[in-house]
Student: 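Before I ask anything, here is the structure I am working with.
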Amino acid sequence: MSQFWKPGTERPRLVDDEEGGVLLYTTSSSSSSGFGYGSLEKQRQRLPVYKYKTAILYSVETHATTIIVGETGSGKTTQIPQYLKEAGWAEGGRMIACTQPRRLAVQAVATRVTEEMDVKLGEEVGYTIRFEDITNEKLTRVKFLTDGVLLREMMDDPLLSKYSVIMVDEAHERSLSTDILLGLLKKIQRRRPELRIIISSATIEAKSMAAFFNTRRRREEEQGPTKEPAILSVEGRGFNVEIFYVDDPVSDYVRSAVSTVMSIHDQERMGDILVFLTGQDDIDTAIQLLTEEAQSSGKQGLVSVPLYSGLPRADQDLVFSPTPRGKRKVIFSTNIAETSLTLEGIVYVVDSGFSKQRFYNPISDIENLVVAPISKASARQRAGRAGRVRPGKCFRLYTEDYFSNEMSVVGIPEIQRSNLVSCVIQLKALGIDNILGFDWPASPSPESMIRALEVLYSLGVLDDDAKLTSPTGFQVAEIPLDPLISKMILASCELGCSEEIITIAAVLSIQSIWIPVRGVQKQLDEAKLRFAAAEGDHVTFLNVYKGFMQSNKSSKWCHKNFINYHAMRKVIEVREQLKRITQRLGIGLKSCEGDIQAVKKAITAGFFANAARLEPFSHNGMYKTLRTSQEVYIHPSSVLFRVNPKFIVYHSLVSTDRQYMRNVITIDPSWLTEAAPHFYQKQLHSSIPQ
DNA sequence: GATTCAGAC
């Protein structure tokens, strides 16, 4: 698909864009290979953060916590770890850590810093992300890592004692793992007064971060660093972006976005356009509309490109290919372009004012994906995307009055919108007993916490005192997956089908192994039938995995069978990791040699709470969950769709117009009481006929 | 016969 590349020319490079996003250069002129040490050093000194070097180092020396407010392009991410290193914070066997929310950013920043320091990656400077540890225990002094990896490291070293300074980058994004990490770092600080924390954040969040880390008590005699956090601001290097609003609210933001693109193309000078929409549906509709309108009005020179994370890699690459001469590229994107990817050459931004967000309802225990208004912070971030190469313009498809008076200042932190089962078990594993009293940067609702505790208790992971059980609780915590999946893996060891179950676990932990196609639905269904198992989707995954391995992991084979090759590579990676972990836990892998009943019993051992029963006289395939008698249906993508077996266990619910069960297997209801007698005791004689 | 924003161990 990358037809814009000439063979033999350089492919795009990943380069840190100073804010955790990744900028993809396509021109060889920005390659650093042409620069010697001297000019790299000059480049470093030209970054805005350079002027603040002394102030930053002084503040870190004298304050337990320093908050750096750094705008786009300030250079904070690449420079501050180097300043700390130069100032001696990595001496005496200590290390400097810098966390990022995203893997790609970790790799890009680490690579950039090794170039600037003229060292080899994995020696003095290294990085760790899942599946990839490019560090050397003896040599590495500056380490970049995802915040999720740092959380995992705490399981072995709860006080993170090998680090002298921990810099948490992009804290304003308030991702789940960043918030957990911040809460834990505050606790560690009390035990390790010598530890320094640097939090880099956007303006809007700085004050609340400072309040959170302010542990100074009145009249307290202070020793060591000041407890009250310091706040330092570093200006960015973005260009000015002029903001335009609509006069009246728009009723259809997709249509409105398309007509805005048309008028930009008509009236504004050259430069690419980035349009923020909510999902694949919006994006496909918008591209179709734009094509039609351009055709009917005879306008030429527009090249529209979709961008969302589920897009196959080859199609994603189109976004980074240089815009052909005399053409204007229009990128229709989800939120992926707001923080995760930085696009070069964008001069105009069209902001719909919406994004899809996950919300969790602890009462019904259902996670929903809904189109919701974005925050002011997001709107500013989106607008900023227009000012990276020259002054730009941002067209907001909402009124100025709405922006000023109705938009919330910041979004709801992820921790308040999520199922907390994984989070709670992680805290428990770190010895935090009083989960409900944990000091968070933003507290999740008590209902969510209690629901998580209930689920973990029902899995046998927590005991009556809400302490981790031994060995089950500790083992489940050790496995980096949803605790329900981890429990399934542990059960499979006893049932002698762990070889099969870790394959299923790996498939369930990635989005989808099928190619997301529209229009060729029929072929996809036929391909699926080749692997379909009467027992259900999980067993079907085993058939797919077997076929993939027999094809010698062939991408051609995947293509032929409508299977996502990259997803299968990931399945293999996760599976390898699970293999290592089970070995470490001392539970060997065993195959059940085709005894599918054992496999289904293991699945039931983890997912017994997700059991449903077909309504006796249902003509439309209506099921009711055994636990809450909720109305649910088998998802049309399941191999058991329209088969409608009497009793099933599902992996997850997706709710649209109905509640659909995704990934289901048939079960014998007696396995439920076998797997979780405590859970199904009451229902034993009422809802489960024996 | 209907779809899943983004991210991570």
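Chain naming here is simple, since letters A, B, ... match the order of the sequence lines and numbering starts at 1 in each.
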Student: Select from Gly279(A) and Gln577(A) the residue whose nearest nucleotide in DNA chain B is closer to the 5' end of that strand.
Tutor: Gly279(A)

Student: Is it the case that the side chain of Ser256(A) and the backbone of Asp252(A) share a donor-acceptor pair, with hydrogens and angles ignored and the cut-off at 3.5 Å?
Tutor: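 No, the answer is negative, given that no donor and acceptor are paired below the 3.5 Å cut-off.
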
Student: Output the rounded distance in Å from CD1 (Ile479(A)) to C1' (dA8(B)).
Tutor: 17 Å

Student: Specify the separation, in whole Å, of atom CG of Asp482(A) and atom P of dG7(B).
Tutor: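 It is 20 Å, rounded to the nearest whole Å.
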
Student: Give Ile336(A) one of three labels, base, sugar-phosphate or nothing, depending on what nucleic acid heavy atoms sit under 4.0 Å from its own.
Tutor: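 Result for Ile336(A) = sugar-phosphate.
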
Student: For dG7(B), take OP1 and OP2 only and decide whether either is under 4.0 Å from a side-chain N or O of Ser309(A).
Tutor: yes

Student: May I ask you to evaluate whether Thr334(A) reaches the phosphate of dA6(B), defined as a side-chain N or O under 4.0 Å from OP1 or OP2?
Tutor: yes

Student: dG1(B) P sits how many Å from Trp514(A) CH2, rounded?
Tutor: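 Interatomic distance, CH2 of Trp514(A) to P of dG1(B): 21 Å.
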
Student: Ile331(A) and side chain to side chain contact (heavy atoms under 4.5 Å, CB included): which single residue from Leu307(A), Val275(A), Ile283(A) fits?
Tutor: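 Passing option: Leu307(A).
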
Student: Report which part of the nucleic acid Glu414(A) touches: base, sugar-phosphate, or nothing (heavy-atom distance under 4.0 Å, all strands).
Tutor: base

Student: Other residues, nucleotides and ligands only: do more than 12 of their heavy atoms fall within 6.0 Å of CD on Gln511(A)?
Tutor: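 At most 12 heavy atoms, drawn from other residues, nucleotides or ligands, come within 6.0 Å of this atom.
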
Student: Using a heavy-atom cut-off of under 4.0 Å over every strand shown, decide if Arg358(A) touches base, sugar-phosphate, or nothing.
Tutor: base

Student: Using a cut-off of 6.0 Å, state whether more than 12 heavy atoms not belonging to Lys579(A) lie near its atom NZ.
Tutor: no

Student: Contact class for Ile129(A) vs. all strands (heavy atom < 4.0 Å): base, sugar-phosphate, or nothing?
Tutor: sugar-phosphate

Student: Distance check needed: dT3(B) P versus Asn663(A) CG, whole Å only.
Tutor: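 It works out to 16 Å between those atoms.
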
Student: Which of the following nucleotides, dC9(B), dT4(B), dG1(B), is nearest to the side chain of Val654(A)?
Tutor: dT4(B)

Student: Send over the distance from Asn335(A) CG to dC5(B) P, rounded to a whole Å.
Tutor: 11 Å

Student: Thr656(A) near the nucleic acid: base, sugar-phosphate alone, or nothing, with a heavy-atom cut-off under 4.0 Å?
Tutor: sugar-phosphate

Student: If you round to the nearest 0.5 Å, how far is CD of Gln577(A) from CD1 of Ile502(A)?
Tutor: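 Ile502(A) CD1 to Gln577(A) CD: 11.0 Å, rounded to 0.5 Å.
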
Student: With sugar-phosphate meaning primed atoms plus P, OP1 and OP2, does Thr278(A) contact a base, only sugar-phosphate, or nothing at under 4.0 Å between heavy atoms?
Tutor: sugar-phosphate

Student: Quick check: closest heavy atoms across Gln381(A) and Glu338(A), and the distance to 0.1 Å?
Tutor: NE2-O, 3.0 Å

Student: Do the side-chain N or O atoms of Ser340(A) get closer than 4.0 angstrom to the phosphate oxygens (OP1, OP2) of dG7(B)?
Tutor: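 For dG7(B), OP1/OP2 do have a side-chain N/O of Ser340(A) under 4.0 Å.
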
Student: Quick check for you: among dG1(B), dC9(B), dT4(B), whose closest atom lies nearest to any side-chain atom of Lys356(A)?
Tutor: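 For the Lys356(A) side chain, the nearest candidate turns out to be dT4(B).
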
Student: What is the distance, rounded to the nearest whole Å, between atom CG of Asp281(A) and atom P of dT4(B)?
Tutor: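 Value for this atom pair: 9 Å.
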
Student: Give the rounded distance in Å between these two atoms: CZ of Arg103(A) and C1' of dA8(B).
Tutor: 8 Å

Student: For a quick check of understanding: with a heavy-atom distance under 4.0 Å over all strands, which category does Thr146(A) fall into, base, sugar-phosphate or nothing?
Tutor: sugar-phosphate

Student: Would you indicate what Gln511(A) reaches in the nucleic acid, counting non-hydrogen atoms under 4.0 angstrom: base, sugar-phosphate, or nothing?
Tutor: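 Base contact.
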
Student: Touch check for Tyr660(A), heavy atoms < 4.0 angstrom, all strands: base, sugar-phosphate only, or nothing?
Tutor: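 If one applies the 4.0 Å heavy-atom cut-off, Tyr660(A) turns out to touch the sugar-phosphate alone, with no base involved.
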
Student: Which is true for Asp657(A) with a 4.0 Å heavy-atom rule: it touches a base, it touches only sugar-phosphate, or it touches nothing?
Tutor: sugar-phosphate

Student: Judged by each residue's nearest nucleotide on DNA chain B, which is more toward the 5′ side, Gly310(A) or Pro480(A)?
Tutor: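 With Pro480(A) and Gly310(A) compared, the 5'-side residue is Gly310(A).
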
Student: Would you indicate which nucleotide in dC9(B), dA2(B), dA6(B) comes nearest to any side-chain atom of Pro636(A)?
Tutor: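 Of all the options, the side chain of Pro636(A) is nearest to dA2(B).
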
Student: Asn620(A) CG to dA2(B) P: how many Å, rounded?
Tutor: 12 Å

Student: Is it true that a side-chain atom of Arg103(A) and a backbone atom of Arg130(A) form a donor plus acceptor pair closer than 3.5 Å?
Tutor: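 Yes; at least one donor-acceptor contact below 3.5 Å.
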
Student: Ignoring the backbone of Arg662(A), work out which of dA2(B), dC9(B), dT4(B) is nearest its side chain.
Tutor: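 Among the listed nucleotides, the one closest to the side chain of Arg662(A) is dT4(B).
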
